[in-house]
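Below: the structure, in C-alpha cells.
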Amino acid sequence: MTRYSIASLVRNAFRDHEDWPRVWRSAEPKAAYDVVIVGAGGHGLATAYYLAKEHGITNVAVLEKGWLGGGNTGRNTTIIRSNYLFDESAALYDHAVKLWEGLSQELNYNVMYSPRGVMMLAHTIHDVQVFKRHVHANRLAGVDNEWLTPQEAKAFCPPLNIGTGMRYPVLGAALQRRGGTARHDAVAWGYARGADARGVDIVENCEVTGIRRDASGAVTGVETTRGPVRAGKVGVVAAGHTSVLMQMAGVRLPLESYPLQALVSEPVKPVFPCVVMSNTIHAYISQSDRGELVIGAGTDAYISYTQRGALHIAQHTLDAICELFPQFRRLRMLRNWGGIVDVTPDRSPILARTPVRGLYVNCGWGTGGFKATPGSGQLFAWTIAKDEPHPINAPFTIERFRDGVLIDEAAAAAVAH
Amino acid sequence: MLLIPCPYCGPRPELEFRYVGEAHIARAEDPSLLDDEAWSAYLYVRSNPKGLHAERWQHVHGCGRFFNTLRDTTNDAFSATYRIGAPKPDLPQPNDKTDAS
C-alpha cells in the first residue's frame, strides 16, 4: 500500500497523477476463508479492517452483491452524533465518535470528518423538556450536549428563522459540538484500502444465495453467485437485506425494512455552517463540501425493498425546511434517492452472536447507522474474533427482545421515522 | 404514492390509509400460556419478506375499515386485496429480482 503524504502528492504531481496505484485489488473468491463478511458497506469493511488489524485474522473475505459502498453507505446524509438518551446507546455511539476523531490518521485516508456541530431544534414545551432531559443525561454520561436559547441557536446557525410567526416557532435547541459530518464514500474506500493492504479479499458482484450448515447446525460457509465459499465464521452486515440473508440460516429477526429518502439541492456557495435537525416538523439539513444542501426525509409507512420513496414524504420535509430557512425556497432540488433501512422495534441495533453457531449479525441500525461505522466495525470484529461481545455491545443482543431489556431509543431519534 | 385497493371503496391514494403491519399475526387466546420466546415472537418478530407480503391497512380517511392486501415488496405492486377473516390468497411468489433499478 502506497502511503499517502505530501511527498507522494508532489511526486505524483510531476507525473500528471497518472501513476497512482489501485487502492484495492479486485479479488476472486477463494474456496475457503476463516471469516466471511457479507456486505461491503462501511460497517462490513470496517469489520474486516479491525479483524485484520486488531485480531490478526487476515484470511477474510468481504462478499458484496453489488459494488463497494453502493448501499446505504453511499446513500445516507452523513450525520455523526452521540447524544442518545440511554447509557448503553450513549456508550455505543460515543465510542464511534471517539474513533471518528482520529480516523483519517488511522486509515491514512481523508474521511473529511468535520465536527461542525449538530443542533436539534425544540418547537414545543414538550420538546424543550425532552431535550433538556437529554442534555442532562448526556452530560452525566460524559457526552457533550448543551442547551441553547433561540438567540444562541441563531448565532450558531445564522440562516435559521426564529421568528414568532412560524406555526412551530423555535423555542431553543440542543447542541452537540462534537457532532458533524464525514465523507461517506471515503469511509468505505479508506476501510477497503486498509483491509485490502492487510490481506482481506474484497469480492464485488458476488451475491450470497445460501448459508451452509453442518449436521450440528453450525455454519460451514456460504453459497454465492460465484460459487461456494467455505468459512468457519460468517458475519452478516447487510442492512435492509438482513432478514433475507438470515432466513437462509433459518433465523427470524425482529426487523422490518423500510425505504428512507434523502435529497440534495443544486450546489451553492457556503451558506450553512452546521447540521440542523428538527424532530417535530421533520427535517434535517447540512451542506456538503460540494455546496449541495443535503436534506434527509422520512421513511415510507410500509415495508419495501424498492430503494425509492414516495414523493409526498420528500415534500413534507421540504415544507419544514422552507419554514425554518425561508431563503432556501428558491433553491432547486437536484437529486433524490432511497435506501432500505432495517428497523428494530426499539430502534437500537443488534450487534451479536445468533442462535446458529458461527453466524454473527450486525443489523438494525435503522435510519442512523452511518455515525456508528467505525465503532460498529471494531465491536463486531471483537465479537466475531472472540466469539463473545465486547462490553459496549453486550446489551445489543437479539435476546433482549425475549428478556424484556429493550434499549428503547425510539423517543430519542433525532427525527421521528 | 401507492394506489391502494380498498375492498369496500375501490382504489384510493395512499394518503387516505394507515399501514397496520404484517397480517395474520394472531394474539394467543391465553397469552399467559406462552413462554417468553413465543411471546416475543408475537410482539416483535416479523417475516419482512423480499417478495409477496400479506399486510393490513385501515382506510382511515374513507370507510374506516380494516382489510388485508398482498403486495410485492420488490416493486410495491398489489396483487390481491381481501376482507378481514378471509384466508390469505395462495399466489405464487414473484421472481426475486433485485431492486437496484
Side-chain angles (χ1 to χ4, degrees), chain A residues 65-67 70-71 74-75 205 207 209 225 238 240-248 251-259 299-316 337-340 342-346 350 355 363-364 398-406, chain B residues 1-5 12-23 25 31 34-61 67-79 81 93-101:
Chain A
K65 73 170 175 172
W67 68 98
R75 295 166 191 262
N205 299 311
E207 181 172 354
T209 54
T225 49
H241 281 73
T242 303
S243 294
V244 176
L245 278 154
M246 297 303 281
Q247 194 74 50
M248 296 171 188
V251 177
R252 281 169 62 88
L253 288 174
L255 281 181
E256 290 193 295
S257 297
Y258 294 90
T299 55
D300 283 303
Y302 46 84
I303 72 164
S304 181
Y305 287 83
T306 55
Q307 287 190 319
R308 60 180 184 240
L311 191 59
H312 67 271
I313 303 281
Q315 187 183 351
H316 176 60
W337 62 89
I340 302 302
D342 45 326
V343 178
T344 58
D346 64 358
I350 295 169
C363 67
I398 304 172
E399 292 76 22
R400 74 176 187 264
F401 295 97
R402 180 195 67 199
D403 300 338
V405 281
L406 305 189
Chain B
M1 188 179 301
L2 302 180
L3 196 58
I4 299 177
R12 297 290 182 90
E14 179 191 333
L15 289 181
E16 295 185 11
F17 296 84
R18 187 167 72 91
Y19 178 71
V20 196
E22 185 172 357
I25 297 176
L34 297 185
D35 62 9
D36 291 351
E37 203 75 54
W39 182 240
S40 72
Y42 162 71
L43 283 181
Y44 300 124
V45 174
R46 296 294 178 264
S47 311
N48 197 24
K50 188 175 184 180
L52 277 189
H53 184 232
E55 63 196 13
R56 179 161 295 185
W57 295 86
Q58 186 188 10
H59 195 180
V60 279
H61 301 297
F67 61 94
N68 292 333
T69 62
L70 283 183
R71 182 175 53 90
D72 182 351
T73 61
T74 63
N75 60 14
D76 292 341
F78 288 93
S79 51
T81 181
Q93 273 289 332
N95 280 338
D96 196 24
K97 292 290 179 215
T98 58
D99 38 279
S101 51

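Below, read A as the first sequence line, B as the second, and so on, with proteins coming before strands; counting in each chain starts at 1.
- Residues passing the salt bridge (Lys or Arg N to Asp or Glu O under 4.0 Å) test with B/Glu55 are B/Arg71, sequence neighbours excluded.
- With a 4.5 angstrom heavy-atom cutoff, A/Ile398 does not touch chain B via any of its atoms.
- Of the listed residues B/Asn48, B/Asp76, B/Asp36, B/Val20, the one with more heavy-atom pairs under 4.5 angstrom with chain A than any other is B/Asn48.
- Only the side chain of B/Trp57 comes within contact range of chain A, with heavy atoms under 4.5 Å apart.
- No side-chain heavy atom of A/Asp403 sits less than 4.5 Å from a side-chain heavy atom of B/Ser40.
- Ranked by non-hydrogen atom pairs under 4.5 Å with chain B, the options A/Gly309, A/Ala310, A/Ser304 are led by A/Ser304.
- With a 4.5 Å cut-off on non-hydrogen atoms, A/Leu253 touches chain B through its backbone but not through its side chain.
- Shortest non-hydrogen contact noted between B/Ser47 and A/Ser243 is O-CB, 4.4 Å.
- Across B/Arg46 and A/Arg252, no two heavy atoms sit closer than the pair C-NH2, 4.0 Å.
- Taking every heavy atom of both residues into account, B/Glu14 and A/Tyr302 meet most closely at OE2-CE2, 3.4 Å.
- Going from atom CE of B/Met1 over to atom CD of A/Gln315 covers 8.0 Å, rounded to the nearest 0.5 Å.
- Contact annotation for B/Tyr44: both backbone and side-chain heavy atoms come within less than 4.5 Å of a heavy atom of chain A.
- For B/Leu43, no part sits under 4.5 Å from any heavy atom of chain A, backbone or side chain.
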